[in-house]
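Right, one structure below, let's go through it.
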Number of protein chains: 2
Amino acid sequence: MEKRKRQRLESAGWVVGSTTDFLGLSDEEAALVEVKLGLASAVRKQRSRRRMTQAQLGRLLGSSQSRVAKMEAADPSVSIDLMVRSLLRMGASRKDVASYISMPTPRRAA
Amino acid sequence: MEKRKRQRLESAGWVVGSTTDFLGLSDEEAALVEVKLGLASAVRKQRSRRRMTQAQLGRLLGSSQSRVAKMEAADPSVSIDLMVRSLLRMGASRKDVASYISMPTPRRAA
DNA sequence: GCCCTAGATGTCGAATCTGACATAAGATGC
DNA sequence: GCATCTTATGTCAGATTCGACATCTAGGGC
């Protein structure tokens with residue numbers, strides 16, 4: 001799968017403002033990646049605010065440490081559904097989730 | 001699957017403000033359903049604004065009429081990912097998606 | 001009545017996502 | 001150095017979601 005690889009590279013780093021142009025991501029693909037990145041960083045932020053390890057969060061979610069790691073890395077193998085469910089489980093509201101999605105996603109801040 | 005049935009009933013109607021309590025949905029399950037309902041109605045709204053049929057939208061998405069119908073019905077077999085991708089494909093922005101998620105979801109308006 | 005269009009619903013094989021496990025890599029304390 | 005804790009990454013069998021198709025209902029024009 002071509003798209004998965006591109007997405008993985010994309011999420012892995014470097015692009016700052018708009019996620020387009022690094023490799024030929026269409027606008028919607030880019031937007032989708034940005035949605036996922038926002039959720040991914042929200043998961044990490046909420047977890048660390050609660051001072052939980054990935055393993056603890058995994059248990060709380062009925063999942064595993066590795067899946068949490070993949071969520072936070074916005075791995076292409078994790079669905080938006082899973083990330084949203086995780087945030088809700090950590091006590092986020094629908095509005096919180098929405099704000100995570102619309103927030104800009106700066107990465108690799110210098 | 002127990003949960004799926006409840007979710008189907010839930011989405012099918014009647015509940016107005018909070019989706020809790022109709023049957024023992026936990027708070028997060030209820031919130032997740034509300035997220036899906038918001039996206040589902042957004043898909044319908046965007047599609048009809050564009051005066052497209054479900055079949056046309058299905059083709060635009062590389063999918064089918066029946067899947068579009070299920071999306072708009074917030075069928076448990078459709079993922080948030082698919083609904084978000086559909087909205088983005090119809091030209092919605094990340095912020096638009098976020099607002100659909102946080103909007104209240106009145107249904108069956110008298 | 002019959003046809004046509006739009007939408008709803010059920011089913012199925014294929015594709016994707018999931019939890020679990022193993023294992024590696026980084027960081028910290030000794 | 002080496003334990004220990006935490007996070008990252010790869011893999012895989014089982015679960016979920018996918019597009020597609022068939023089928024049904026509702027409505028309108030004739």
Side-chain angles (χ1 to χ4, degrees), chain A residues 1-13 29 32-33 35-37 39-41 43-89 107-108, chain B residues 1-13 29 32-33 35-37 39-41 43-86 89 107-108:
Chain A
M1 287 278 109
E2 235 279 275
K3 198 151 72 175
R4 298 175 77 86
K5 186 160 201 178
R6 273 193 284 147
Q7 188 179 349
R8 167 161 300 189
L9 283 171
E10 196 62 63
S11 341
E29 283 172 327
L32 186 66
V33 171
V35 166
K36 285 188 165 191
L37 285 168
L39 293 170
S41 80
V43 169
R44 172 156 302 181
K45 189 161 72 179
Q46 288 302 316
R47 174 177 65 84
S48 77
R49 164 171 322 185
R50 285 149 195 280
R51 309 203 187 292
M52 301 175 79
T53 66
Q54 293 181 341
Q56 287 172 325
L57 178 55
R59 241 174 287 122
L60 175 65
L61 301 173
S63 181
S64 60
Q65 178 267 325
S66 57
R67 196 127 294 273
V68 173
K70 284 172 226 259
M71 265 196 260
E72 296 183 353
D75 186 283
S77 86
V78 337
S79 68
I80 294 180
D81 295 65
L82 184 62
M83 296 194 275
V84 169
R85 260 188 265 117
S86 303
L87 289 168
L88 295 175
R89 175 68 62 107
R107 266 151 289 118
R108 301 276 175 189
Chain B
M1 284 280 109
E2 235 280 274
K3 197 153 72 176
R4 298 175 77 85
K5 185 159 203 178
R6 273 191 284 147
Q7 187 179 348
R8 167 161 303 190
L9 284 172
E10 196 62 63
S11 339
E29 283 172 329
L32 186 65
V33 170
V35 166
K36 284 188 165 190
L37 286 167
L39 293 170
S41 79
V43 168
R44 173 155 303 185
K45 190 161 72 179
Q46 288 301 316
R47 174 177 68 84
S48 77
R49 165 169 321 183
R50 285 150 196 280
R51 309 205 188 294
M52 302 175 78
T53 66
Q54 292 181 342
Q56 288 172 324
L57 178 55
R59 243 174 285 122
L60 175 64
L61 301 174
S63 181
S64 59
Q65 178 267 326
S66 57
R67 197 128 291 272
V68 172
K70 284 172 227 261
M71 263 195 261
E72 296 182 353
D75 186 283
S77 86
V78 338
S79 67
I80 294 179
D81 295 66
L82 185 62
M83 297 194 274
V84 169
R85 261 189 263 115
S86 303
R89 176 66 65 106
R107 264 152 290 119
R108 301 278 174 189

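Atoms considered below: every heavy atom in the structure, side chains included; atoms not considered: hydrogens, waters and symmetry mates. By convention in this document, chain letters (A, B, ...) are assigned in the order of the sequence lines, proteins followed by strands, and residues within each chain are numbered from 1.
- Non-hydrogen atoms lying under 4.0 Å from DNA chain D are contributed by B:Gly62, B:Ser63, B:Ser64, B:Ser66, B:Arg67, all within residues 57-72 of chain B.
- For the pair B:Ser48 (side chain) and B:Arg51 (backbone), a donor-acceptor distance under 3.5 Å is absent.
- If you measure from atom CE of A:Met83 to atom P of C:dG19, you get 13 Å, rounded to the nearest angstrom.
- The side chain of B:Ser79 contributes an N or O atom lying less than 4.0 Å from OP1 or OP2 of D:dC18.
- The shortest non-hydrogen separation linking B:Lys36 to B:Val78 is NZ-O, 3.1 Å.
- Rounded to whole Å, atom C1' of D:dT6 lies 16 Å from atom CZ of A:Arg51.
- Checked for salt-bridge contact, B:Arg47 and B:Glu72 meet the test: a charged N lies under 4.0 Å from a carboxylate O.
- Comparing C:dT18, C:dA6, D:dT17 by their nearest atom to the side chain of B:Thr53 picks out C:dA6.
- One interatomic measurement links the two molecules: CG of B:Leu39 to C1' of D:dT17, which rounds to 16 Å at whole-angstrom precision.
- The CD atom of A:Gln54 sits 12 Å away from the C1' atom of D:dT9 (whole-angstrom rounding).
- With hydrogens and angles ignored, the 3.5 Å screen pairs no side-chain donor or acceptor of A:Arg85 with any backbone N or O of B:Leu32.
- Contact record, B:Leu82 with B:Ser86: O-OG, 2.7 Å, taken as the closest heavy-atom pair.
- Distance CD (A:Gln56) to C1' (D:dT6): 11 Å, rounded to an integer number of Å.
- Rounding to whole angstrom units, CG of residue A:Leu82 and C1' of C:dA20 are separated by 14 Å.
- In this entry the distance linking CD1 of A:Ile80 with C1' of C:dT18 reads 16 Å, nearest Å.
- The NZ atom of A:Lys45 sits 12.5 Å away from atom CZ of A:Arg50, with the distance rounded to the nearest 0.5 Å.
- For the pair A:Asp81 CG and C:dC17 C1', the computed distance is 10 Å after rounding to whole Å.
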